[in-house]
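Order of listing sets the numbers, starting from 1, for every ligand and every atom in it.
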Amino acid sequence: MPVIHLPASVSDILSRLAAAGYTAHAVGGCVRDSLLGRPVHDWDITTSATPDETKAVFTHNRIIDTGIRHGTVTVMRDGQPFEITTYRVDGAYTDGRHPDEVTFTGNLSDDLARRDFTVNAMAYAPSDGLIDLYGGREDLRRGLIRAVGDPLRRFTEDALRILRAARFAAVLGFFVEEQTLAAALELRGRLAMVSGERICGEMNKMLTADFAAPVLRAASPLLSAAWPCLSAEAFCASADVVSALPARLPLRLAAVFAQSLPSAPAVTLLLLRQSRSTAEEAAAILSVAQTLSVGGQGRAEKLSLLGKYGLSVCTDACLLAQAAGLLPGEAAQQYAYDFARWQAEGTCCKKSDLALTGADLLALGIPSGEAVGRLLDELLRLVMTGQLQNTRTALADHVRRRAEASR
Ligand code: ATP
Ligand code: MG
């Protein structure tokens with residue numbers, strides 16, 4: 001029997017519930033990750049106590065009622081939140097996503113039966129050891145994501161589980177078991193019933209996972225059902241590129257989008273419910289990678305890319321261009337080196353780097369208005385092309401000469 005090392009606060013919560021006459025176990029992801037030796041980020045607890053009974057046990061702790069309708073009470077211990085959920089069975093699902101009602105039950109096995117995958121349906125308490133009614137431990141050993149019960153029924157109840165299967169496979173480096181995968185493929189159209197936010201959450205976790213590439217290859221029709229603006233072929237084709245890139249979300253999104261280039265990637269990403277900063281960064285990475293791949297830029301053009309987008313976007317664009325074969329590796333590495341060197345040397349690449357400001361130009365007698373911006377643009381171009389030194393004297397001399405010439 002495996003022994004799971006519970007944090008002191010979790011043991012204490014379990015024993016307090018037990019002392020009050022209830023059964024209680026750690027359950028779900030924390031049991032799965034403990035058995036795998038992976039770090040556990042949330043310890044969820046499942047109990048026979050109803051939410052009111054749970055609250056009565058923890059009167060001395062701060063309690064948050066967020067999920068109370070679904071039986072979840074959040075108890076704060078040592079500054080950390082712990083979700084304690086009453087054993088429940090889910091009623092009928094008519095919207096393909098949420099149970100119409102949840103019913104509390106005194107029975108742990110009912111609660112485990114409603115959980116999505118065998119590896120997520122195990123419970124543990126020091127007094128009882130591991131409760132594994134669906135062969136979760138064996139599936140962990142074999143590296144399988146298998147639905148609890150009939151996969152067709154489970155995916156029909158809640159279509160988000162289709163994508164969760166792909167996500168857990170990518171995070172854990174597992175395969176989706178054959179019948180579970182067949183059911184997911186068959187019912188993938190039901191992903192249209194799931195909210196964009198929930199889809200985005202799962203897709204982002206999948207894309208930034210260590211084992212995203214095999215899932216991009218094997219589950220591409222599912223992924224395309226989740227995000228129909230991208231074809232299954234595009235997901236499949238991005239697998240090698242994604243696996244060659246660090247696990248940064250905007251970079252990996254750019255890699256997937258590079259396969260099928262929508263006309264306005266930032267807008268498309270916003271429609272997929274990405275945050276504004278992620279959407280803009282991914283679009284910027286794509287845009288710089290494409291510009292570099294066309295080639296023919298001189299030093300000034302590359303400096304202006306650095307000025308406009310910043311070092312991290314430019315570096316990621318080089319990584320993407322290399323991984324996607326838009327540029328030969330040597331060229332991409334040379335560009336990345338240049339960007340980093342210019343940044344380190346403080347090479348002037350944007351107006352705010354110029355040794356003269358707009359206020360300085362006004363002081364030199366340039367009339368306020370558009371002329372100031374235009375003149376700063378001109379100074380920047382001359383500095384970046386090496387025709388002017390970026391010093392106050394050189395820039396001011398140029399401004400004066402120009403003013404005299406136009407008199
Ligand atoms: P992680 O938090 O690492 O992403 P997790 O397994 O804790 O993984 P959560 O989404 O936090 O996943 O859910 C906690 C548990 O609740 C799961 O382990 C599973 O038992 C159950 N669960 C979550 N979502 C569903 C669902 N859509 N259908 C059935 N059971 C679910
Ligand atoms: Mg969790």
Side-chain angles (χ1 to χ4, degrees), residues 4 7 10 25-47 66-67 70-72 74 80-93 95-100 102 105 108-124 130-137 139-140 144-174 176 180 183-184 187 190-191 193-195 197-212 215 226:
I4 292 179
V10 175
H25 294 79
V27 71
C30 60
V31 175
R32 176 198 69 219
D33 289 340
S34 297
L35 293 174
L36 287 172
R38 295 172 60 92
V40 172
H41 51 88
D42 301 308
W43 290 90
D44 294 332
I45 290 148
T46 183
T47 180
T66 36
H70 295 105
T72 302
T74 302
Q80 257 190 299
F82 293 92
E83 290 195 348
I84 306 180
T85 305
T86 307
Y87 300 152
R88 52 176 240 221
V89 279
D90 295 337
Y93 287 74
D95 67 354
R97 175 66 193 100
H98 307 97
D100 299 340
V102 300
T105 152
L108 172 62
S109 62
D110 291 340
D111 184 82
L112 296 179
R114 74 169 170 90
R115 294 176 184 270
D116 48 6
F117 305 112
T118 60
V119 296
N120 288 346
M122 289 180 279
Y124 180 85
L130 185 71
I131 316 270
D132 174 18
L133 306 179
Y134 300 99
R137 201 168 166 219
D139 284 340
L140 277 185
L144 288 180
I145 300 298
R146 181 198 308 271
V148 171
D150 172 17
L152 284 169
R153 186 169 72 78
R154 304 310 308 285
F155 291 147
T156 306
E157 288 172 352
D158 176 2
L160 183 66
R161 291 171 188 155
I162 296 172
L163 214 48
R164 283 172 61 87
R167 186 257 284 196
F168 285 116
V171 169
L172 302 173
F174 281 21
V176 181
T180 303
L187 296 175
R190 293 179 73 84
L191 280 167
M193 301 165 95
V194 180
S195 77
E197 286 78 5
R198 296 305 297 266
I199 288 191
C200 185
E202 295 297 332
M203 289 294 277
N204 289 356
K205 286 184 186 165
M206 186 279 296
L207 279 172
T208 49
D210 286 348
F211 305 94
V215 171

How far is [atom] from its nearest protein heavy atom, and which residue and atom is that?
| atom | result |
| --- | --- |
| atom 20 (O) of ligand 1 | N120 O, 2.9 Å |
| atom 14 (C) of ligand 1 | D44 OD2, 3.9 Å |
| atom 7 (O) of ligand 1 | G29 CA, 3.6 Å |
| atom 19 (C) of ligand 1 | D116 OD1, 3.5 Å |

Worksheet item: Any idea which of R32, K205, R114 brings a heavy atom closest to atom 8 (O) of ligand 1?
Response: R32
Fill in: Heavy-atom nearest option to atom 28 (N) of ligand 1, drawn from R161, H41, R198, E83
R161
Worksheet entry | Expected output: side-chain T180 to main-chain A147 donor-acceptor under 3.5 Å | yes
Worksheet item: Going by the atom numbers of ligand 1, which of them fall below 4.0 Å from some non-hydrogen atom of G28?
Response: 18 (O)
Item to complete: Assess F168 for proximity to ligand 1: is some non-hydrogen atom of it under 4.0 Å away?
Response: yes
Item to complete: Using non-hydrogen atoms of the residue, decide whether R164 is closer than 4.0 angstrom to ligand 1.
Response: yes
Fill in: Side-chain ion pair, E157 and R154, N-O less than 4.0 Å
yes
Worksheet item: Would D116 and R164 pass as an ion pair if we require N to O under 4.0 Å?
Response: yes
Taking every non-hydrogen atom, the tightest pair across [X] and [Y]:
| X | Y | value |
| --- | --- | --- |
| M206 | A166 | CG-O, 4.1 Å |
| H70 | T85 | O-CG2, 3.9 Å |
| V148 | A113 | CG1-O, 3.6 Å |
| V176 | A165 | CG2-O, 3.9 Å |

Worksheet item: Do other residues, nucleotides or ligands put more than 12 heavy atoms under 6.0 Å from the CZ atom of R97?
Response: yes
Practice prompt. May I ask you to check whether R115 has an N/O atom sitting below 3.5 Å from an N/O atom of ligand 1?
Written response: yes
Discussion item. Is the contact between D158 and ligand 1 made by the side chain, the backbone, both, or neither, using heavy atoms and a 4.0 Å cut-off?
Written reply: side chain
Discussion item. Tell me the contacting part of R167 for ligand 1: side chain, backbone, both, or neither, using a 4.0 Å heavy-atom threshold, strictly below.
Written reply: side chain
Worksheet item: Is at least one protein non-hydrogen atom found at under 4.0 angstrom from atom 16 (O) of ligand 1?
Response: yes
Item to complete: Find out whether N120 and I145 are in side-chain contact, i.e. whether some heavy atom of one side chain is under 4.5 Å from a heavy atom of the other.
Response: no
